[in-house]
Amino acid sequence: MKDITIKIVGRRYAEGELEDEMEFVSDAKMYERAGARYFLYDESEFSGFPGCKTSLKVTDSSIRMKRIGSEVSGYGADLVFEKGKRFTSIYETPYGSFDMEVLTTDIHSDLDAEGYGKVVLGYDVSLQGIDEGRNEIDIEIMQ
């Protein structure tokens, strides 16, 4: 397992216009198993998910994000992103659980042999049909 730095830039769009952008940098751990790279990091107050631990499993064609919160935070999610495919999951918040659906529109992994580089993800999201939008996430893995 290697110590790394992970930088995540998230963008949310509404009606084609940039609505919100968030940048988060954290110390993380990276390891490889069975052809997949795993990135583990703690969320913070700034990322909007204080007390959560997040793992990303990155393969050539998909990303799986598991966010596990403490009893205090109340957050949790298990999402799979694969271009052109729609996945449903339960999104746990301090305000209750909601059905979440994601449709991945873009996924591109440009990681070198050591696991450093960038992963780009674009997806449409629907939160129980109440809130819908387009999101982009840029994940940069640094030494």
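Nothing fancy with the numbering, it's 1 onward along the sequence.
Rounded to the nearest 0.5 Å, atoms CD (E32) and CD (E114) are 10.5 Å apart. In this structure, K85 NZ and S61 OG are separated by 8.0 Å, a value rounded to the nearest 0.5 Å. Rounding to the nearest 0.5 Å places CD of E82 at 11.5 Å from CG of L103. Separating the NZ atom in K66 from the OG1 atom in T54 is a distance of 11.5 Å, to the nearest 0.5 Å.
When the options L56, I137, V102 are evaluated for a side-chain contact (heavy atoms from CB on, under 4.5 Å) with F81, the one that passes is V102. Here the rule is side-chain contact (heavy atoms from CB on, under 4.5 Å) with V120, and of I107, D106, I139 only D106 fits it.
Heavy atoms only, all atoms of each residue included: Q128 and S97 are closest at OE1-O, 4.0 Å. A pairwise comparison of heavy atoms in R12 and G133 identifies NH1-CA, 4.0 Å as the closest pair. Of all non-hydrogen atoms in T104 and Y123, the two that sit nearest each other are CA-CB, 4.0 Å. Between L40 and S55, the shortest heavy-atom contact is CD2-CB, 3.3 Å. Nearest heavy atoms, A14 versus E19: CB-OE2, 3.4 Å. The heavy-atom pair separating R37 from G115 by the smallest distance is NE-CA, 3.3 Å.
The environment of CG in D112 is crowded: more than 12 heavy-atom neighbours from other residues, nucleotides or ligands sit within 6.0 Å. For K2, the NZ atom counts as densely surrounded, since its 6.0 Å shell holds more than 12 non-hydrogen atoms of other residues, nucleotides or ligands.
Between the side chain of T59 and the backbone N or O of A36 there is no donor-acceptor pair closer than 3.5 Å. Of the possible donor and acceptor atoms, one in the side chain of S89 sits under 3.5 Å from a partner among the backbone N and O of D78. Checked by atom type and distance alone, the side chain of E101 never pairs as donor or acceptor with a backbone atom of T88 at under 3.5 Å.
At a threshold of 4.5 Å between side-chain heavy atoms, the hydrophobic network of Ile, Leu, Val, Met, Phe, Trp and Tyr places V125 and I63 in one connected group. Residues M1 and M30 do not share a hydrophobic cluster, defined by chaining ILVMFWY side chains whose heavy atoms lie under 4.5 Å apart. I8 and Y116 fall within a single hydrophobic cluster, where Ile, Leu, Val, Met, Phe, Trp and Tyr are joined by side-chain heavy atoms under 4.5 Å apart, directly or via other members. The same ILVMFWY cluster, assembled from side-chain heavy atoms under 4.5 Å apart, contains both L111 and I6. The hydrophobic cluster containing F87 also contains V119, counting ILVMFWY residues as joined when their side-chain heavy atoms lie under 4.5 angstrom apart, directly or transitively.
Between R11 and D138 there is a salt bridge, since at least one side-chain N of the basic residue sits less than 4.0 Å from a carboxylate O of the acidic one. Salt bridge R134/D124: absent, no basic N to carboxylate O contact under 4.0 Å.
Aromatic ring orientation, F24 versus Y41: tilted (interplanar angle from 30° to 60°).
The aromatic ring centroids of F98 and Y91 lie 6.0 Å or more from each other.
In this structure the side chain of V25 reaches within 4.5 angstrom of the side chain of T5, judged on heavy atoms.
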